[in-house]
Each structure stands twice: as C-alpha cells, then as structure tokens.
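Here is the structure we will look at, set down as structure tokens.
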Amino acid sequence: MDPQEELRELIAQAKEHLCYYSELGLTHVGEISPSAAPAAKFEDRIAKQAPPAVSALVEPKRQEPPAPAIIPPPQFIPESTITMPTKQENASVVSLFGETAPPPAETQYSNETLEDIRRDLGDCQRCKLFSTRTNLVFGEGAPRAELMFVGEGPGADEDATGRPFVGRAGQLLTKMIEAIDLKREDVYIANVVKSRPPGNRAPESDEVRACIPFLFRQIAAIHPKLIVALGNPAMQALLDTKIGITKMRGNFQDYPRISGIKVLPTFHPAYLLRSPDKKREAWEDLKKVRAFLRGEL
Ligand code: SF4
C-alpha cells in the first residue's frame, strides 16, 4: 500500500477509536482517574483535546499504530475501587416480591439448549404483552458466552426486527462492548421480558413473573461467568431486590440462582443517552467487566 494511503488509514482508525471513548465519556486518553472531574460536553472535550490528539496522529511511525496508545492499560484500574460483596451482603438484599427467603436455586448446569427454550416459548401468550407486540425478542449471541447483557425489555426497533438492542441504545451498547475489546457476537444479549411493553414503559411485576423463567433458563443454558444487568428493572429482577441501581451499580453481586455466576449492575444505555454525564461511571463499570473476564479480579 502507498505509504501516504497507509498513514491516512491509520489516522482514520485512530479517529474511530477516539470517537468510541468520547461517546463513553472518556476525556483523558490513557489516564482515567475515578476522581477526575465529571465529563465535559463532547464538543468542549474535542475542542480541548484536539491539538495534542491531532499532533499525535499526524506524525506516527509506520510501525507504531496509534490504536494501542489509546486503550487504557488494565493496571490503571485501582483495586481499591472494586467492591466484591460477601455472601452475607448478598443475603441481606431485600426481596423484590416481599419475600425474606432467597429464590430457589436452579440446577448448576442445564442440559437444555437455547433452541429448546425458544421452542418451548413458542408464540407466547403467557402475559398481556403478547397482544401489543409485533415480534417476540428472544435474545441473540454466543450460546456459550462468558458475558451476558440483560436489559428490561424490547423497544420499538427491537419489536420491529425481533432482535435485542438494535436501536440507538443498542448501538451504544455495541460500542460499549467493543470498548472492552470484545465483539457483539462474543456475548449474549437478552431481556427480562421478551415482548415490548407499550410506550416503552417498564415491565409490570406480573409480566416479569410470567416471562423471567425463560431468562433464567437461558442463563442456565449459557452459564456465563458474568451478567451485566442494564438498568434498574433488569438488576432488580435478576437479583430479586428492591434496592436501586444507583446504590448497586459497579458492585459485583452473586447471581442468586447459580453459584459461581456474578452480576454487575450498571446503567442502561438508553439512560446514558439521556444522561451523558453518567457515561464516565458506566466506563468505570466496563473496565471492571474487562478486568474480571481477564482474571485480574
Ligand atoms: S413478555 Fe414474555 S411471557 Fe409475556 S407474552 Fe411476551 S414472551 Fe410471553
């Protein structure tokens, strides 16, 4: 390839990475601090950071691609900021349905396949959401994924396509996955309810009760190492708790039904689109996900 053409391609790749991290609220490439000031507006950050970033990009040596310099090093995550709760802390969680006993444990391993579960779900009419949906959204991804993402329910784009997280929030989720060096097809993505609640309202408790057994079975079949609960309804349903996401986010929990699986609550991408100042906290959570999967926690 022509050297100038190669240089132009390197600059384009580096810009694309910068856009990922900018959208996630990353303001200091390669030196993120939990104590750093809240993220500035995207335009302000670009205005402030453009000169050094551009100068770093226009004179790269051919054998030094710019992308590795942009990815924050794993050792940057201070261990003191990562909370691994004890089993007692998990046991103190207040039940979502007012029960004091922990939910019954599923079998540790499931012989069911995702196809079995999908077949059993069929053209489901187990709750009132069936009457307003266009397509049932079962979930998609790697059947043996180490990492699962679980949201509360399909939105309009998902209802139209039958696929989870394909709208604007889904595009942000895809960027979040790529920001921790994974591809969307490496993970499994599902929701608590599989039919769209009208007007994008949160699913009601009877709808959750009717649908969540299928999510539990998906989790048992996939047996991931870690489930990232996206937003309050997903976190409360998975952990059977009434505690809010603000208190729980960023703290690893035990998945109550199968020992050895962790749950990390974080903000829903749709909330991050409405509240971009929260992207920095979400990025801190994502770094914990990456460190956990790398065995660094
Ligand atoms: S939300 Fe779940 S339980 Fe309700 S109709 Fe859809 S698939 Fe069935």
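Remember, it's 1-based here, ligands and their atoms both numbered in the order they're listed. Heads up: numbering here begins at 1 and tracks the sequence.
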>> Is it the case that the side chains of Arg184 and Thr174 hold a donor-acceptor pair, with the cut-off being a distance below 3.5 Å and no angle test?
In response: yes
> What distance do Thr246 atom OG1 and Glu281 atom CD have between them, rounded to the nearest 0.5 Å?
Replying inline: 8.5 Å
>> I'd like to know whether the aromatic ring centres of His223 and Tyr255 sit less than 6.0 Å apart in this structure.
In response: no
> So how many protein N, O or S atoms does atom 6 (Fe) of ligand 1 have within less than 2.8 Å?
Replying inline: 1
> For the residue pair Phe292 and Phe252, is the inter-centroid distance of their aromatic rings smaller than 6.0 Å?
Replying inline: yes
> salt bridge (charged side-chain N to carboxylate O under 4.0 Å, His left out) between Arg196 and Glu158: does it pass, once the steps are laid out?
Replying inline: CA-CA 8 Å; Arg196 182 192 181 202; Glu158 292 75 19; over 6 Å; no
> Lys194 and Asn191: which non-hydrogen atoms are nearest, and at how many Å?
Replying inline: NZ-O, 3.2 Å
